[in-house]
Amino acid sequence: MTREVNITRMDAFTYRESIKSGDSVMLVPVGSVEQHGAHMPLGVDTMLSTKIAELTAARIDALVGPAVSVGYKSQQRSGGGNHIVGSFGFDADTVVGVCRTLVRELSRHGVKKVVFVNGHYENYQFIYEGVDLALRDLAGSSQGASQVMMLSYWDFVTPQVIARLYPDGFPGWDVEHGGVMETSLMLEYFPELVWMDRLIDHAAAELPLYDLLPADASLTPESGCLSSGKVSTAQKGQILAESIMAGMVDAISSRF
Ligand code: ZN
Ligand code: MN
C-alpha cells in the first residue's frame, strides 16, 4: 500500500490535513473478539473488516477510522454461541454507544461521510441503532448533518463468485463462521495466522429455526465453526476480496 489510509497510524497534524477539505469519506471497520475454531485467531472479524476497509479506502481516496472490536454477543446460529470460551460478547448498549460516539466524534472533526464496514454477523442492527441515535443527536447540534452508510462486507460477494466457490451448494453467510470465506480471506491477507493443519473438518452445522438461552452447547460443532474451512485457499480469498471490494467501491462512490 503506497498511501497511508488508516488514521490510527497517522500523526494528528497529518490526520487534520487529510480531512481538511470537509469532504472526506471515513470507513470504520467493526469486528469482534470471537473464537474461530482451532485454525484461526480470535481477531478474525476485526482483522478482515479492517483489511477490507483499508484496501477499499485506498481505491477511492477514503480514510479508515479506528476499528471497533467490541462486537455483540456471538450467537449460536451465526457464530457458535457466546457460551464458548474465547468469544467476548459485549452488550448491545456497548456496541450502540461506541458506534454512536464514533459518528459524533468524526462529525466534530469535520468528517460528515462515514461508512461502517461490518465484519461480525451479529453487530449489524446495533451499528444501525448507534448511527440512528447519533444522527438524532447531531440534528439538534450546530455541527450539521452527517451521512452514514452501513454494510456487511460479505453481502458484496456476487452470485457468480458464490456459484464458482461453492460448487456443492452455498450454506449461507450465517453459517460461514470459520468457514471457506473467512478462512480463504485470512489465507490471502494473514497466512501466518491460519493453521490449516489444525482445522477440524465437518459438515455444515444444522441448527434449529429458533434460539435457546442458555444455549444448548451440543448444537454447536466441537470445532466452534459452523461449516468447514477445509477447501479454503488464498486464491479463493483473492477472488472473494476482489468481488467484495469492487462492490464496495461502486456502492460508496455512488453515494459519496
Ligand atoms: Zn468471523
Ligand atoms: Mn463473527
Side-chain angles (χ1 to χ4, degrees), residues 28-54 67-92 94-96 98-99 116-128 130 150-157 162 165-166 170-191 193-196 198-200 202 204-205 207 211 215 219-232 234 236-237 240-241 243-244 248:
V28 178
V30 194
S32 67
V33 184
E34 183 186 33
Q35 65 81 25
H36 279 74
H39 71 292
M40 291 196 293
L42 305 183
V44 165
D45 294 356
T46 309
M47 292 164 68
L48 289 180
S49 53
T50 303
K51 178 59 88 176
I52 287 166
E54 288 173 352
V68 179
S69 59
V70 289
Y72 185 66
K73 294 152 196 164
S74 180
Q75 287 175 268
Q76 194 160 30
R77 293 194 286 155
S78 46
N82 213 63
H83 57 289
I84 305 178
V85 173
S87 293
F88 290 73
F90 289 86
D91 290 346
T94 303
V95 184
V96 170
V98 169
C99 295
F116 282 92
V117 179
N118 180 38
H120 173 59
Y121 197 87
E122 292 83 343
N123 283 342
Y124 193 82
Q125 297 301 333
F126 305 113
I127 298 170
Y128 190 102
M150 293 151 272
L151 59 90
S152 292
Y153 71 75
W154 48 81
D155 286 330
F156 291 87
V157 179
I162 292 176
L165 263 52
Y166 297 87
F170 177 57
W173 294 130
D174 46 351
V175 297
E176 242 298 331
H177 177 71
V180 172
M181 179 192 68
E182 284 188 325
T183 306
S184 296
L185 288 170
M186 286 296 289
L187 284 168
E188 167 70 359
Y189 294 123
F190 304 99
L193 292 174
V194 185
W195 310 286
M196 289 302 276
R198 289 174 53 78
L199 185 145
I200 300 164
H202 55 75
L207 292 155
D211 291 298
L219 294 173
T220 303
E222 275 297 301
S223 69
C225 300
L226 296 181
S227 55
S228 173
K230 186 162 193 263
V231 297
S232 305
K236 287 180 183 174
L240 284 159
S243 181
I244 290 164
M248 283 176 51

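Remember, it's 1-based here, ligands and their atoms both numbered in the order they're listed. This chain uses plain numbering: 1 for the first residue, then up along the sequence.
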Original post:
Any ion pair linking D174 and R77 (charged N to carboxylate O, less than 4.0 Å)?
Top reply: no
**OP:** Classify the side-chain pair Y166/E176 by whether it contains a donor and acceptor separated by less than 3.5 Å.
**Re:** yes
Original post:
Which N/O/S atom belongs to D45 and is the closest one to the Mn ion (ligand 2)?
Top reply: OD2
Subject >> Nearest non-hydrogen partners of I127 and M150, listed with the distance >> reply: CG2-CG, 4.0 Å
Original post:
Between F126, Y128, Y124, which is the residue that forms a ring pair (Phe, Tyr, Trp, His ring centres under 6.0 Å) with Y72?
Top reply: F126
Original post:
With a cut-off of 2.8 Å, does any N, O or S atom of E34 fall short of it relative to the Mn ion (ligand 2)?
Top reply: yes
**OP:** From the options Q35, E34, H120, H177, select the one residue that forms a side-chain hydrogen bond (donor to acceptor under 3.5 Å, both in side chains) with S74.
**Re:** E34
Original post:
For the Zn ion (ligand 1), which N, O or S atom of E182 is at the shortest distance?
Top reply: OE2
Original post:
Quick check: does H120 have an N/O/S atom under 2.8 Å of the Mn ion (ligand 2)?
Top reply: yes
Subject >> Identity of the N, O or S atom of D45 lying closest to the Zn ion (ligand 1) >> reply: OD1
**OP:** Taking both backbone and side-chain atoms into account, decide whether H36 has an N/O/S atom under 2.8 Å from the Zn ion (ligand 1).
**Re:** yes
